[in-house]
Amino acid sequence: MIRTLTAIGLPIVVLVFHCPSFAAAGFAFPQFTDLASDKVTIVLGEIHDVRPVEQPQEEGQTKKGYRFQLKVVEVLRPGEMDRNARELTIPFEPLENWEESPPKDGVKVMAHLSKSGTGWRPFGLWGFEQLKAFDEPSIARRRKYFDLWNIREPAEKLRQVLANAYGADPELQGHCLDLLDDPEGTWTQVKLAPTLSRPMGLSHLWAIYTAPNQKKIIADHCEGLLQRRLLKWGWEPSPLRYNAHYDSLRQDIKEGREIHHNVVDARVLKLCAYPEHGRENFELLLSIINGPIKIYRSGATIHLSAVYQPHTSDPKAQQLNRDILDTLTGFQSHSDNIISDSAAIALGYIAENYARTGPLPPDLEKLVSGKSELPLRDLPRQRLSYAWQQIEKMPRLSTPPDTHVLSYPWDNLLDKQVQAAGETSNYGGKYGDSVLVNGQRVWLDVRDGSDLPSNNHTPVFVRGKLTKRYDLPVFRYRKGEPFGEGLPVAAGEDLHNASVRYVLTGAKWELRKKK
């Protein structure tokens with residue numbers, strides 16, 4: 001979707017990035033319930049002998065509609081229909097179902113029908129879908145689905161589902177991923193249990209998710225399914241997850257593949273939550289900015305701000321910060337006005353992140369406050385000026401002498417009092433409330449027992465003593481073996497270190513204003 005962003009100055013239309021579902025991408029397949037019922041008949045056919053009719057209603061009212069014959073051209077799913085039937089009578093179809101394009105002789109349709117005492121009637125919400133031709137791509141896909149779901153022998157159905165889940169057809173592959181996630185058929189209505197256990201289904205999902213050069217739409221679909229099960233343990237730091245995002249995005253950019261910009265940006269934001277990979281992320285963003293696909297350049301420029309690590313004490317991260325500022329400053333004279341404007345937005349974001357928890361570095365303050373001699377175009381100058389106005393009005397979080405700003409690397413601040421600006425990220429896990437600080441999760445051991453706001457992404461300030469606990473459930477992931485309980489750990493990775501989580505003990509929090 002598109003929205004208008006005004007946080008850093010004059011309104012600019014930017015992309016609100018998310019991972020589109022298969023339905024949003026144009027290959028919706030709502031007939032899972034149909035497939036679970038042998039009573040449903042789905043056919044391709046032509047309408048003829050259309051006649052207006054009225055159906056009696058309560059209190060003497062009538063409802064207008066149509067009666068017509070349906071000549072069956074192909075049976076996609078027989079259900080209760082005689083396989084030899086080639087002419088069906090539809091006694092009544094409501095007028096409102098056909099207001100935009102009334103039925104007439106020769107109209108091609110795909111019909112979802114069930115049999116009642118008075119004849120065939122439309123089933124569910126889909127009823128009659130008008131077609132231009134019987135060989136439309138959507139019909140070809142549905143033939144594949146019906147061929148798969150009509151398999152009765154459980155072991156053969158599982159074999160076919162797995163073959164398509166690891167296959168090359170993204171539409172069919174996506175639906176098979178849903179079946180692996182839910183072998184009991186709770187919402188898909190297609191049951192693979194007991195031939196497939198839930199742990200084995202998750203194991204297959206993970207193998208597909210982490211496959212080298214996986215298609216982005218499939219990797220994101222897998223992540224959406226896995227996230228519901230793994231987020232409560234704070235799986236963001238998982239090296240396997242980082243590799244899955246980085247490899248597929250790098251491959252797509254290298255090939256100049258046209259990916260939906262929402263998906264690209266969502267992937268970039270996830271990568272930026274791994275500060276130990278800051279240099280790799282910086283180089284990847286530069287390759288996008290300098291790449292052939294113009295629509296990605298603005299978002300990649302803005303997200304250089306997400307790679308920047310305010311208040312860091314790490315020499316490599318400090319050098320990376322300087323490189324990011326030099327790059328964004330250099331972009332002010334870029335020949336592409338969109339990039340120069342996006343760079344000004346990124347500089348404003350960096351300045352705001354600094355200002356929430358401490359003073360700005362002199363060079364950044366000079367640039368944003370308008371005291372720099374750098375020649376700026378009008379729009380970037382206005383954006384930086386507006387950002388400075390917001391910073392001047394921003395409530396300042398005082399830092400006591402014995403308190404540090406929580407900054408990368410966190411290990412340098414263990415057993416010290418820290419404070420940070422973050423956003424709530426509560427998912428009902430047994431470890432309680434947590435906050436995301438620059439994309440990294442820290443749990444709160446709250447001193448007074450008060451819970452954080454239940455809404456995610458609520459801006460808060462937090463304080464407490466930073467500690468480490470090695471108590472997250474982890475297991476050694478091996479391809480082809482059932483998925484364990486907790487976070488998967490690759491071969492060669494230390495299980496103890498993988499179980500770490502950061503906790504603020506004696507934590508206190510307060511709401512911060514969200515502009």
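Model, not experiment: these values are computed from the prediction.
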Using modelled atom types and a 3.5 Å cut-off, is there a donor and acceptor pairing between side-chain atoms of [X] and backbone atoms of [Y]?
{"X": "S305", "Y": "G348", "value": "no"}
{"X": "D341", "Y": "N337", "value": "no"}
{"X": "T312", "Y": "Y408", "value": "yes"}
{"X": "T424", "Y": "T458", "value": "yes"}
{"X": "R229", "Y": "D181", "value": "yes"}
{"X": "S287", "Y": "L284", "value": "yes"}

So [Y] and [X], do their side chains get closer than 4.5 Å, heavy atoms only?
{"X": "W233", "Y": "E485", "value": "yes"}
{"X": "R198", "Y": "F483", "value": "no"}
{"X": "Q319", "Y": "R279", "value": "yes"}
{"X": "I217", "Y": "Q173", "value": "no"}
{"X": "L162", "Y": "L180", "value": "yes"}
{"X": "K468", "Y": "W410", "value": "no"}
{"X": "N281", "Y": "Y242", "value": "yes"}
{"X": "L230", "Y": "W206", "value": "yes"}

Worksheet item: Given the rule in the side chain to side chain contact (heavy atoms under 4.5 Å, CB included) test, do Y354 and H311 qualify, once you have shown the distances and angles that lead to the verdict?
Response: CA-CA 7 Å; Y354 252 115; H311 308 288; 3.3 Å; yes
With a 3.5 Å cut-off and no angle check, do the side chains of [X] and [Y] form a donor-acceptor pair?
{"X": "Y209", "Y": "E223", "value": "yes"}
{"X": "D378", "Y": "Q382", "value": "no"}
{"X": "N438", "Y": "Y308", "value": "no"}
{"X": "T403", "Y": "R463", "value": "no"}

Item to complete: Could you please spell out the steps behind the side chain to side chain contact (heavy atoms under 4.5 Å, CB included) verdict for I391 and E352?
Response: CA-CA 6 Å; I391 288 170; E352 282 196 11; 4.1 Å; yes
